[in-house]
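Each chain gets a letter, A, B and so on, in the order the sequences are listed, and its residues count up from 1. In this text the structure is predicted, and so the values were computed from the model without any measurement.
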Protein chains: 2
Amino acid sequence: MRIQDVAKLADVSTATVSRALATPERVSPEARARVLEAIAKTGYVPNPAARSLRSQKTYMVLVVLPDLSNTFFSKILRGIEERLFEAGYGMIISDLDGSPEKEAHFAAFTAAGRVDGAILLNGHLFGQTREGEGMPAKIGIPLVALCEAIPSADIPQIEIDNRAAANRMTQHLASSGHRRIAYLSGPAGNVLEKERFLGYRDGLKAAGLPFDPALVLPGDYTIESGVKAGQDLVARSTRPTAVFCTSDEMAIGLMRTLLSAGLKVPEDISVAGFDDIEFAAVAEPALTTIHQPRRELGQMAAAVLIDLLQGRPSPKRIRLETELIIRDSVASPQNIEKAPAKSTRTRAIKPT
Amino acid sequence: MRIQDVAKLADVSTATVSRALATPERVSPEARARVLEAIAKTGYVPNPAARSLRSQKTYMVLVVLPDLSNTFFSKILRGIEERLFEAGYGMIISDLDGSPEKEAHFAAFTAAGRVDGAILLNGHLFGQTREGEGMPAKIGIPLVALCEAIPSADIPQIEIDNRAAANRMTQHLASSGHRRIAYLSGPAGNVLEKERFLGYRDGLKAAGLPFDPALVLPGDYTIESGVKAGQDLVARSTRPTAVFCTSDEMAIGLMRTLLSAGLKVPEDISVAGFDDIEFAAVAEPALTTIHQPRRELGQMAAAVLIDLLQGRPSPKRIRLETELIIRDSVASPQNIEKAPAKSTRTRAIKPT
DNA sequence: ATGAAAGCGCTAACAG
DNA sequence: CTGTTAGCGCTTTCAT
């Protein structure tokens, strides 16, 4: 079924069919009606390859993710897809998976004109390191950075105020009476990590608490790194009374390890998360965390990209509001100034 | 940068350039070398729209999901993407989100030839209900059903043996001494649900236990439905000693509700899940469940589809092995034959 | 408002 | 083994 068939049936030229679809107002009502009828009768659907070849547009958007299997991205993707769908765009997902070859592949893919624009969730431009080194990205299509800002790039950034949110959580912990607040970090070099760490320090300062490097635990946002940090904590003779985990997944892994070692949350140690993923509310205990409007973040990024794609002006930076969600994993420290006894009861952990 | 530029630079015809890329063996080594050099020099990337228009292929595969934000799919997607990537195919994801319009859109999308094949995870063909009613899908491209089999369709099915797995778990519970084993179901009509329910009945029968309809709780695989089922259970005067949840998400929601109501898992009530998602191992208590090889399922489906796409023969049905993962959420019932006391201590639940 | 005609960049037939 | 040539189906001038 080609445009010619429709044209013949409607007794007009192929140009008129094309116009009836793209710019209906430039076609007489009668011709338009006949075309529409013919389309309905034939079930004609334009061939996208031909259209793309001629118009140099693909109506496809690339979404670049560092890790598709990370729970955090699911709702964001949904938000993106919704807006894109409404505007008639399709979504291609590229899961970088830490592989340079994949990144190169998608860079070529993009350069080859298979997509009209891209949403970057991985914190850097194609071919660049996070620090902005490497080849300047000469990808000649609209780009939007989502969640992980790319400071070196002059593209719209859609994000939350990570620093303010981390500050807020730290102060919440401090105002609950905690004075030794540990920080479970994200991966070194990560933009989010940098901002959140700054926020942690801000919060400490605002609460008049000293910064203690020994209370900074290395993590990478995964459940496993939360489990590791928990094992570290369990082994210590002097423990913090609260741990601010910069992802919910780490917080859940951490709590699990603490609980297995016989420590109680929040009685013995308070735990806070970041993101408010679905499982945060049903963790045991329910996790106090920072809520990120994930779906809205996705929708907003898609909306901005669509604006760009259609030549409309777009804001350079959008920051969506976060919310402090208070649940059950944070409480006042019960034994302030009392030396914590080393746990004796220790149960093996079986993380698959 | 077009094929012509490369041809000129390599001093060959465009056809030779095209062949050097597609069928190198049909080009003389010298010509091939010159072409490759010219490509390297110019950074030429073929225009996919032109190629697609001419060859009637898109090198794109559609993956149809019922719900992108469901944790269960993430690793499967990764498996699919890996194999597809290796074979040079791109992946377009369609999140149906229960919307008939979206489904119609993607059906048209597919009919328009934007993809060479599709992997269906939603349990039915485009335009069909799950029961096989509706328009026969005349989508003229290779299709593969993954996880949710589509019995009415004559396409390859990649899945696990849901019935056998459910049977196994039920018997595991029975062999732990449980005689009142509840079943938290999936959505009515769902293929997986049907199979797992059959397996539950099989297991009951094998263990010589009677089937009690009052022990079948309605669910839909979501955390929320697990929470609901938990509230139902908490309110009962006579409770089952074990609950077989047909998804980990429900199991986690259920355990959370039970725990909040002061019931202990597994001491007061055992809970088992299905899927072995990442959070199962760090749930409190760690969840006994059925492990599904999610990544492998995805890889297998992609591999079968690629075979189909490239004209190779493919198996009609592949069943991957599951595994019973024993953790801490199942134990022998402690108070057999003792009437369970109604819980008095009840704490409010705050699901988000 | 409409039609004729020229490609978009590539691959596949066909010659040679 | 290699070049010539004819489209793939559509959109978009340029006329009318």
List for me each residue that meets side chain to side chain contact (heavy atoms under 4.5 Å, CB included) alongside [X], sequence neighbours excluded, and say none if there are none.
X: B/E296; answer: B/P293, B/Q299, B/L320
X: B/S314; answer: B/P156, B/V304, B/D307, B/L308
X: B/T42; answer: B/M1, B/V6, B/L9, B/Y44
X: A/R26; answer: A/T23

(request) Select base, sugar-phosphate, or nothing to describe what B/P46 touches, counting heavy atoms under 4.0 Å on all strands. (result)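 Result for B/P46 = sugar-phosphate.
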(request) Give a yes-or-no answer on whether the side chains of A/D220 and A/T222 include a donor-acceptor pair shorter than 3.5 Å. (result)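 Indeed, the side chains of A/D220 and A/T222 share at least one donor-acceptor pair under 3.5 Å.
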(message) Side chains of B/R312 and B/Q310 only: does a donor on one sit below 3.5 Å from an acceptor on the other?
(response)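 Distance-only check passes for B/R312 and B/Q310.
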(request) Send over the distance from B/I3 CD1 to D/dT4 C1', rounded to a whole Å. (result)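 Rounded to the whole Å, the gap is 14 Å.
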(request) Rounded to the nearest angstrom, tell me the gap between atom CE in A/M1 and atom P in D/dG9. (result)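 That distance rounds to 11 Å.
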(request) Estimate the overall bend of the helix from C/dA1-D/dT16 to C/dG16-D/dC1 from the end axes over five pairs each, rounded to 10 degrees. (result)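 The angle, to the nearest 10 degrees, is 30°.
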(request) Please report the closest heavy-atom contact between B/I141 and B/G117, naming both atoms and the distance. (result)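 Scanning both residues completely, I find the closest heavy atoms to be CD1-CA, 3.7 Å.
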(request) Would you mind listing every salt bridge (Lys or Arg N to Asp or Glu O under 4.0 Å) that reaches into residues 50-61 of chain B, with sequence neighbours excluded? (result)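 Counting only pairs at least two positions apart or across chains, no salt bridge (Lys or Arg N to Asp or Glu O under 4.0 Å) contact touches residues 50-61 of chain B.
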(message) Does anything in residues 87-96 of chain B form a salt bridge (Lys or Arg N to Asp or Glu O under 4.0 Å)? List the pairs, not counting sequence neighbours.
(response)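 Listed by first then second residue: A/R78-B/D95.
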(request) Give, ordered by number, those residues of residues 23-43 of chain B having at least one heavy-atom distance below 4.0 Å to an atom of DNA chain C; if nothing qualifies, reply none. (result)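 Within residues 23-43 of chain B, no residue comes under 4.0 Å of DNA chain C.
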(message) Enumerate the ring pair (Phe, Tyr, Trp, His ring centres under 6.0 Å) contacts for residues 59-82 of chain B, please, sequence neighbours excluded, ordered by first and then second residue.
(response)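 Sorted pair list: B/Y59-B/Y89.
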(message) I'd like the 5' and 3' limits of the part of DNA chain C contacted by chain B, with heavy-atom contacts below 4.0 Å.
(response)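 Going 5' to 3' along DNA chain C, contacts run C/dG9 to C/dA13.
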(message) For A/R34, is there an ion pair with A/E30 - N to carboxylate O distance below 4.0 angstrom?
(response)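 A/R34 and A/E30: not salt-bridged.
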(message) Could you work out, with side chain to side chain donor-acceptor pair (under 3.5 Å) as the rule, every residue matching B/N70, not counting sequence neighbours?
(response)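 Expected list: none.
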Using nucleotides 5-8 of chain D, report all nitrogen or oxygen pairs with the protein that are shorter than 3.5 Å.
from	atom 1	to	atom 2	distance (Å)
D/dG7	N2	B/R54	NH1	3.3
D/dC8	O2	B/R54	N	3.4

(request) Can you establish whether the number of heavy atoms outside A/E321 located under 6.0 Å from its atom CD is more than 12? (result)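 Atom CD in A/E321 is not crowded, with 12 or fewer foreign heavy atoms closer than 6.0 Å.
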